[in-house]
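Written below as C-alpha cells is the structure these notes are about.
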Amino acid sequence: MQTHIQNTERLIREINRIHAQYSQDYFETGKVAKVNLSRTLQNVPIEHILSYRLVLHEAINDYLAFADTRGIDFFYRVKTAESIHDKIHRYLARENQYPVNNILNDIFGARVILPSEAVAQIMEKLDDDWKAQYGLKNWYLRDIDGYIGVHVYFKNASNFYYPWELQIWDEKDAAENIRNHQLYKRGFIQAA
C-alpha cells in the first residue's frame, strides 16, 4: 500500500516538474505570444490553443524520457485537436463563460489506477501536504453520472500556462469510467 502512495507522490512531483519545464521552454522563449488564460474563450485565439497542443504532442515523450517514473503504471495522452474543438464548441454555447484555464485544463492528461485504500490515503495526502508542497492548482473528487475519479491539476502559479491533469481512479471504478468516457467524452467522433 505504501508503495502506491509513494509512487503517486513521485508521479505528482514529476508531472509538476515536467509541466513547469515544458511551460517555461514553450512560453518563456519570446517566440510564442503569452495570453492570459484566466480570460474567457472569446479572448484566447484558437490558434494559440492548437499550436500549444501540437507542440506538446510532438515534445512530451522527450520530457517524459527523463522523468523519474520507473515502476509506476500510468497512462497519458495529449488531447486531440478534434476533442479541443468539441470542448470549445460546448463551452461557447453555455450562457456562463469560464476562464480558459478552467476549461482547457487537460490538454495533457495522465491517469493512474489504484486500490481503494490507496485512493483514500492519497486524498488525505492531497489535502494535508501535497497541494501546498507541489503548488497544485487544485484537486477534487468527481462523482457524476457513474464517473468517479480524483482530478489533480498542475498550473505552476501562472495564468499563462495551460494546466495539466492527473486522474487517480479506484480500480473498482475503472471499467465503468472507461464506458462513461466513451459515451460522453467522444461525442465528436461521427460514424462513417
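We number each residue from 1, following the sequence as shown.
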Say whether [X] and [Y], considering side chains only, have a donor N or O and an acceptor N or O under 3.5 Å apart.
X	Y	value
K155	N16	no
D145	N180	no
N7	R10	yes
N156	S158	no

Just do the salt bridge (charged side-chain N to carboxylate O under 4.0 Å, His left out) check on D86 and R90 with the steps written out, would you?
CA-CA 6 Å; D86 179 65; R90 285 186 287 115; 3.1 Å; yes
Check: [Y] main-chain N/O paired with [X] side-chain donor or acceptor under 3.5 Å:
X	Y	answer
T8	H4	yes
D170	V119	no
E9	K125	no
N105	N102	yes

Given side chains that start at C-beta, do those of [X] and [Y] come closer than 4.5 Å, heavy atoms only?
X	Y	answer
H151	W139	no
V55	Y26	yes
W169	Y147	yes
L92	Q97	yes
K172	S116	yes
I60	Y76	yes
L126	I12	yes

Here the pair of heavy atoms bringing R39 nearest to N43 is NH2-OD1, 3.3 Å
Which atom of L64 lies closest to which atom of I18, heavy atoms considered
CD2-CD1, 3.7 Å
Side chain to side chain contact (heavy atoms under 4.5 Å, CB included) with Y22: which of F108, Y161, F27, Y52?
Y52
Regarding K34 and the six-membered ring of F160, is the cationic atom NZ or CZ under 6.0 Å from the ring centre and inside 45° of its axis?
yes
Before you tell me yes or no, could you show the steps for K87 and D106 under salt bridge (charged side-chain N to carboxylate O under 4.0 Å, His left out), namely the whole-Å CA-CA distance, both residues' side-chain angles and the distance that decides it to 0.1 Å?
CA-CA 11 Å; K87 196 169 196 181; D106 63 345; 3.1 Å; yes
Taking atom NE2 of H19 and atom CG of L56, what is their separation to the nearest 0.5 Å?
9.0 Å
Are H48 and Y162 an aromatic pair by the rule of ring centers under 6.0 Å?
yes
